Number of protein chains: 2
Amino acid sequence: MARARLQDVADRAEVSLATASRVLNGSARQPGAALVERVRAAAADLGYVVNAQAQALARSRTGLLGLVVQDISDPYFSTIAGGAQSAAREHGRMVLLASTERDPAAERDAVAAFAAHRVDAVVVAGTRWSAAEDAPVAEELATFQASGGRAIVVGQPLGTATVIRPPNAAGATALAEALAGQGHRRFVLLSAPARVVTAQERAGAFTAAVAAGSGEIVETIEQQFSRDGGYAAGDRVAELARAAAEAGEDPPCVFAVTDVMAIGLIARLRELGVDVPGQVRVAGFDDIPTLRDHVPSVTTVSIPLAEMGRLAVAAAVAEDGTDVSAAVGHEVVLRESTAR
Amino acid sequence: MARARLQDVADRAEVSLATASRVLNGSARQPGAALVERVRAAAADLGYVVNAQAQALARSRTGLLGLVVQDISDPYFSTIAGGAQSAAREHGRMVLLASTERDPAAERDAVAAFAAHRVDAVVVAGTRWSAAEDAPVAEELATFQASGGRAIVVGQPLGTATVIRPPNAAGATALAEALAGQGHRRFVLLSAPARVVTAQERAGAFTAAVAAGSGEIVETIEQQFSRDGGYAAGDRVAELARAAAEAGEDPPCVFAVTDVMAIGLIARLRELGVDVPGQVRVAGFDDIPTLRDHVPSVTTVSIPLAEMGRLAVAAAVAEDGTDVSAAVGHEVVLRESTAR
DNA sequence: TAGTCGGTGGAAAGCGCATTCCCATGCGAC
DNA sequence: GTCGCATGGGAATGCGCTTTCCACCGACTA
């Protein structure tokens, strides 16, 4: 059965194409009640389904939103996507999704594909990389904007895109202060490669705040920005713990720049028989849902991921001129893993 | 800057629209090398980006895939989505995403919206509900299929859609056998409301296998299909554990029909001071990543979620006639939570 | 009663591209 | 030297819809 076209509906209702269009698709001009009724009935009889592609072509806007995330199966991004999705639904928009597996080149391709599909706006979520790696996406995004598209970034600035900024610096600072308030003085920084900007922001702010609070970063460990990276750091952290114990010092407090690293680290420490928080304290960042039921429960900085997704969509659909560079909050959540 | 159209490219290359089209979009008929070169150059100069909407209209196929999941922020679905996304990328397809917040009516709307966007195929992932609740989606899907669309379901059958079936029955049976093999005899079934078909399939097969193995289901608890549902069951399970201890019986073994319920249950038991696996044993289903680092680690049935997403997309893009009702495997993973 | 104006319905011109014909050209075969 | 055929390029049509522009009609004012 071929799909009914608007023309078929118009024929059946014995009106013109124009009238049928006005009735069926939120036009400002509504025909008389009798016609409206006839058209509605005809559409229902025929099981008419509007062709969004044709509509898009005629209107030259699609109502589509492009969302590119670095890994949709990662809770960080799926939570953002959830918020974005729900906001999009409220605004009556559909979202095109791309997951790049953390490959900057794939980010570029995704933006290009979205541009081809004439999305009204694209949201790029995830940490930025080095300037060199970011260049291709930035350029693609600039082209997209130049031809009338709107660009939003959830993370760090990229070209002239609107930015929804995770409170990395503020959160890390607050965490450092909270930990200092608990009496921690000797910290280990578990960070990620320099190209991961998010990790650098958190590590940098944490370091500064520790110094300001007369604490000390006794060592910095660099590992992959993942659970396995945290796991890999376990042996070194265990050594540090032992050294501290022998020197009669307080157990060190590790700040892992993301929760998953903290979890991997704790897993390894458990295998090594190092108690958390008895012999080492651990704090993370993000407050992924898992943390709540983790044993020991893990101190972290909670950031409103879903809300950030919503904000991004709000910025994407905003009327021109409305700049929605909203500030997003954070909250330090002290749990067992840093208890003294 | 207005976007360049194919016509602009043709003008600049001094060829006809037809020739430009043939060069730029994989047509079977390729013009002579000289023209190809000229057109390519012109396109590059103008920064030409094909308009996928117009292409879709002219070709009357979009190359779009619709994916509807019940909650994109749930690891179960985001893992499926990850697999689907990666497969779609390999096949050069874009995916339109909808997350329904577990509302059957929203599932219907999502399918309708996808139909309007003329997606080539739609994949509906997630448990089916009661026949009455499923009816609207089923009908919408049937309409979609009648007009040439392809429908794939990840879960249980829905109309005549191709089905990718999670091995709920086989997995639950295997789990029951494995637990019996460990010597467990007295089971508590922690299930969900009858409308959640996935829960019923797992509970039913588990019950049958327990009976076949001369074990016994001493009690069935019905709660929400979520972490909080598991949490809510904690008090009753604690009572059962105490009763068993007083009667000098083996600690009961709880089968929670999904991992998140198992985790919620264990959280509540911990609060109540009931040891797992000392006083109660707990097993789940799905093998969400979290389980690995949970304390105690949780016995479960591992199913290849990402693979299921890939299969769904494979079925969606398959040439007509190729029926890809692939069987998906499962693996029982015995961990600490059921140790004797 | 004539003149105007707001409102209503329809005709038609695109939106950007794929694709079907159709024509011109050049080559080999007879 | 002519005919036939293959090949390459272009004109034109249509995909399904929106929207401007026009014509028309009835009501209201002077």
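Quick note on labels: first sequence line is chain A, next is B, and so on, each numbered from 1. A quick note: this is a predicted structure, and the numbers were derived from the prediction, not measured.
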Under the salt bridge (charged side-chain N to carboxylate O under 4.0 Å, His left out) rule, collect the residues that match up with A:Glu90, sequence neighbours excluded. A:Arg310
Taking A:Glu133 first and then A:Arg195, would you say they form a salt bridge - that is, a charged N and a carboxylate O separated by under 4.0 Å? yes
Residues B:Asp45 and B:Arg12 bridged, charged N to O under 4.0 Å: yes
Please report the end-to-end axis angle for the helix from C:dT1-D:dA30 to C:dC30-D:dG1, five pairs per end, rounded to 10 degrees. 50°
With distance as the sole criterion, is a donor-acceptor pair present between the side chains of [X] and [Y] under 3.5 Å?
X	Y	answer
B:Gln156	B:Thr198	yes
B:Glu101	A:Ser86	no
A:Gln7	A:Asp11	yes

How many angstroms lie between atom CG of A:Leu97 and atom CG of B:Leu65, to the nearest 0.5 angstrom? 12.0 Å
What are the atom names and distances for every N/O pair under 3.5 Å that joins the protein to nucleotides 23-27 of chain D?
none

Length of the line joining A:Leu24:CG and D:dT18:P, which is rounded to integer Å: 9 Å
Check the distance between D:dG9's C1' and B:Arg38's CZ and give it to me in whole angstrom. 11 Å
Determine whether a donor-acceptor pair (N or O, by modelled atom type, separation under 3.5 Å) exists between the side chain of B:Gln53 and the backbone of A:Thr62. no
Protein proximity profile, nucleotides 9-18 of chain C - base contact B, sugar-phosphate-only contact S, no contact -, cut-off 4.0 Å on heavy atoms: BBB--BBBBS
Salt bridge (Lys or Arg N to Asp or Glu O under 4.0 Å) partners of residues 62-84 of chain A, not counting sequence neighbours, each pair once: A:Asp74-A:Arg102
side-chain hydrogen bond (donor to acceptor under 3.5 Å, both in side chains) contacts in which one or both residues fall within residues 105-118 of chain B, not counting sequence neighbours: B:Gln70-B:Glu107, B:Glu107-B:Arg128
